[in-house]
Amino acid sequence: MHLQTKQNPKDSMTEQGIAVSCHNVRFRYFQQNRKNILDGCSMMVRQGTITVLMGRSACGKSTLAALLSGLYPENGGFLEDGSIQHFGKPIEGYPFPERAAHVSMMFQNPDLQFCMWTLRKEMRFCLENLSCPREQMDARIEKAAEATGMTNFLDRDLFTLSGGEKQKAELTCIFLLQSKLIVLDEPFGNIDMKWARKIRDLLIKKNKEDGTTILIIFHSLDYFMDYFDELKVMDSRGTICEGITRETLTQYESLFRREGLRWPYDRHGGTHPDLSGQVSIPSITLQSASIYAGKKRHTCKSPILSGVEAIFPKGRITAILDPSGSGKTTLFRAILGQQKYDGSICLEGNEVKKMSSAKRFQQVGIVFQDPSNQFIMQNVLQEVEEGLKTTESNPDALEKKAKDLLKAFHLERFVRYSPYMLSQGQQRRLAVLAILSGTQKVLLLDEPTYGQDDAMTKEIMTMLRNRVEEELTVVLTTHDLAVVQDYADTCYLVQDGILKERSMADIDDGKIKSFL
């Protein structure tokens, strides 16, 4: 069943006051594809509003955002039918500098957005494209960087930043451009809750004071529940249900459930297993561990994490909550023996420093924050088969097992695709699936549910929970408090370079929010 489109009565009368609109858009990436990514998609976003677009993972939201921003079909794909307008004028009628003044877009994957090596150079490049007078550039750059807390990162190599810092760098460029329409694709996926709220408030301020139109792609309403003007829900064909407001939201629970979206009124937590009286066997132990950023310890004056005392128990899910850039990825690299540290980090009782690389990677698997960095095979099927080869040698049985797993994660249509052709949400599902196919007893997962709708988040976490009951140890990082509340057994919080254990009662009671 597909969604029935509901139009705002004002929009059906006239396109005056419309910031961006598309009508009957049919789009595909490759001419030979059997199906369109968007098939008859129509939508309007009113000027001066905050509009949220939701939908299942890989339903076409990012593709639509790129079309509305003018990136497609100019830079790829085939627009077989339909039209797109900015402020009542066909998008192709705008020369590039004028279009950039009208609309700017933040990508879901920040690595695809940057052209230069540092944020300052990136911002200067943006201003040059707008023909900004050179004498105004420095002041505009400093003002935008200060607003997003990125002043100290202006001259850092962009590709050394954490995922959250990269997203903040993207947002800094967006604020710099001062476009009339801002399109944001999952803008807070790798940003901690405190900075997400700060940036949300900046967006609201731009909307209220400057009349900036904001279109945001999200998988939940967590940050904009009390602020959006209109909510739009896209189904797998690109059909959009419009006209949902804060006042009418409670009428759409069945729509949220049907489309696999997180219903904002659901309660989370309170279902953790009772571990009292149980003896926890350590899988990973850190004692007085100080972990340094960079390749060489002596080049860093102080550790990014200091004096860490922690136990990640065997057969449990341990969650790590932290501010963006506080060292969780560095911690994972240290556990894998890829990062310099003082003190002790033991894996199943063995000091990591004294283990061979082969031994470490036989015991520990990892999903990177950017999963595209870990793919090694030519297509999706082979990526999963590679992990299964350790337990299955029969080619036919191997392929069947791999396809069954891909079907469970709704990736069966992509068996012959290159992993790099998938959306970022699909890449993350593939990375989790590929690592689950192996025989490692410890998994380190960096934001495993980022970019996933609620239904897929539950499937990923349920599969992990089932494997944990078979004595798999999972350590994951996340900014999604609901994931921690619903699935974690233990939780640590990074504060001021120190890893502190927090009770699950604090997580469920919401006390933890004051630290995030």
Side-chain angles (χ1 to χ4, degrees), residues 269-291 305 307-322 327-339 341-367 387 390-391 432 435-446 448 460-478 483-494 498-508 512:
T271 58
H272 310 290
D274 183 8
L275 302 179
S276 60
Q278 295 189 23
V279 177
S280 295
I281 302 172
S283 183
I284 301 170
T285 305
L286 295 94
Q287 293 180 314
S288 302
S290 294
I291 302 166
L305 290 172
V308 176
E309 300 283 344
I311 293 175
F312 302 149
K314 185 176 183 179
R316 297 282 183 265
I317 295 178
T318 299
I320 299 176
L321 288 162
D322 68 329
K328 60 183 184 296
T329 302
T330 307
L331 170 62
F332 280 3
R333 286 178 53 82
I335 293 171
L336 285 167
Q338 305 297 301
Q339 200 76 30
Y341 67 89
D342 292 328
S344 175
I345 300 178
C346 287
L347 180 62
E348 301 285 347
N350 298 308
E351 179 63 48
V352 167
K353 291 177 182 176
K354 298 179 180 179
M355 298 173 66
S356 66
S357 295
K359 186 68 173 178
R360 288 194 298 266
F361 283 97
Q362 283 174 4
Q363 295 189 37
V364 184
I366 186 170
V367 170
T390 54
T391 58
V432 173
I435 209 68
L436 278 171
S437 301
T439 57
Q440 292 97 333
K441 296 299 182 182
V442 178
L443 298 187
L444 308 176
L445 308 179
D446 204 344
I460 291 172
M461 294 308 301
T462 298
M463 183 173 286
L464 286 171
R465 169 56 64 191
N466 291 339
R467 289 289 304 276
V468 163
E469 291 177 0
E470 300 170 2
E471 294 200 334
L472 177 72
T473 300
V474 172
V475 184
L476 62 85
T477 69
T478 183
V483 167
V484 181
Q485 291 174 314
D486 291 343
Y487 298 100
D489 299 311
T490 59
C491 179
Y492 284 85
L493 176 68
V494 180
I498 300 173
L499 202 62
K500 299 180 179 179
E501 188 171 6
R502 305 294 303 208
S503 73
M504 296 310 300
D506 283 351
I507 304 295
D508 292 341
I512 201 78

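We use all heavy atoms of the structure for the numbers below, so side chains are in, but hydrogens, waters and symmetry mates are not. For clarity, every value in this text was computed on a predicted model and none was experimentally measured.
- Contact annotation: the side chain of C491 never approaches that of E501 to less than 4.5 Å [non-hydrogen atoms, C-beta and beyond].
- Q363 contributes no side-chain N or O that, together with a main-chain N or O of F361, makes up a donor-acceptor pair within less than 3.5 Å.
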Could you go step by step and tell me if L321 and V494 meet the side-chain contact (heavy atoms from CB on, under 4.5 Å) rule?
-> CA-CA 6 Å; L321 288 162; V494 180; over 6 Å; no

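- Checked by atom type and distance alone, the side chain of K353 never pairs as donor or acceptor with a backbone atom of C346 at under 3.5 Å.
- Put simply, the side chain of L444 reaches to within 4.5 Å of the side chain of L336, judged on heavy atoms.
- Between L436 and R467 the shortest heavy-atom distance is O-NH1, 2.7 Å.
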With side-chain contact (heavy atoms from CB on, under 4.5 Å) as the test, would you mind laying out the steps for T318 and D489 before giving the verdict?
-> CA-CA 6 Å; T318 299; D489 299 311; over 6 Å; no

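- Legend: residues meeting side chain to side chain donor-acceptor pair (under 3.5 Å) with R360, ordered by chain and number and at least two apart, are S357.
- Using a 4.5 Å cut-off on side-chain heavy atoms (C-beta onward), Q362 and T390 make no contact.
- A donor atom on one side chain and an acceptor atom on the other are found under 3.5 Å apart for E351 and S344.
- Each of L499, L493, T490 was evaluated against I320; a single residue qualifies, L499, per the side chain to side chain contact (heavy atoms under 4.5 Å, CB included) test.
- With rounding to the nearest 0.5 Å, the separation of CD1 in I335 from CD1 in I345 is 6.0 Å.
- Between G307 and S290, the shortest heavy-atom distance links the atoms N-OG, 3.2 Å.
- Taking the side chain as every heavy atom from C-beta outward, E471 and K314 approach each other to under 4.5 Å.
- In this structure, L443 CG and T473 OG1 are separated by 8.5 Å, a value rounded to the nearest 0.5 Å.
- Between T330 and L305, every side-chain heavy-atom pair lies at or beyond the 4.5 Å cut-off.
- Residues M461 and D486 form no side-chain contact, since every pair of their non-hydrogen atoms from C-beta on lies 4.5 Å or further apart.
- You'll find the side chain of I311 stays beyond 4.5 Å of the side chain of I284, heavy atoms only.
- At least one side-chain heavy atom of T477 sits under 4.5 Å from a side-chain heavy atom of F332.
- Heavy atoms only, all atoms of each residue included: V468 and G315 are closest at CG1-O, 3.2 Å.
- Judged by distance alone, with hydrogens and angles left aside, the side-chain atoms of R465 form a donor-acceptor pair with the main-chain N or O of Y487 at under 3.5 Å.
- When all heavy atoms of P448 and I460 are compared, the closest pair comes out as O-CD1, 4.0 Å.
- A salt bridge is defined here as a Lys NZ or Arg NE, NH1 or NH2 lying under 4.0 Å from an Asp or Glu carboxylate O, and D446 with R333 fails to meet this definition.
- The side chain to side chain donor-acceptor pair (under 3.5 Å) test applied to S288 returns E309, not counting sequence neighbours.
- With hydrogens and angles ignored, the 3.5 Å screen pairs no side-chain donor or acceptor of T285 with any backbone N or O of P282.
- Smallest separation of non-hydrogen atoms from L347 and V364: CD2-CG2, 3.3 Å.
- In plain terms, the two heavy atoms of V442 and E348 that are nearest each other are CG2-OE2, 4.4 Å.
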Evaluation steps, side-chain contact (heavy atoms from CB on, under 4.5 Å), between L286 and F312 | CA-CA 9 Å; L286 295 94; F312 302 149; 3.9 Å; yes

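- Taken to the nearest 0.5 Å, the OG1 atom of T478 stands 10.5 Å off from the CG atom of L445.
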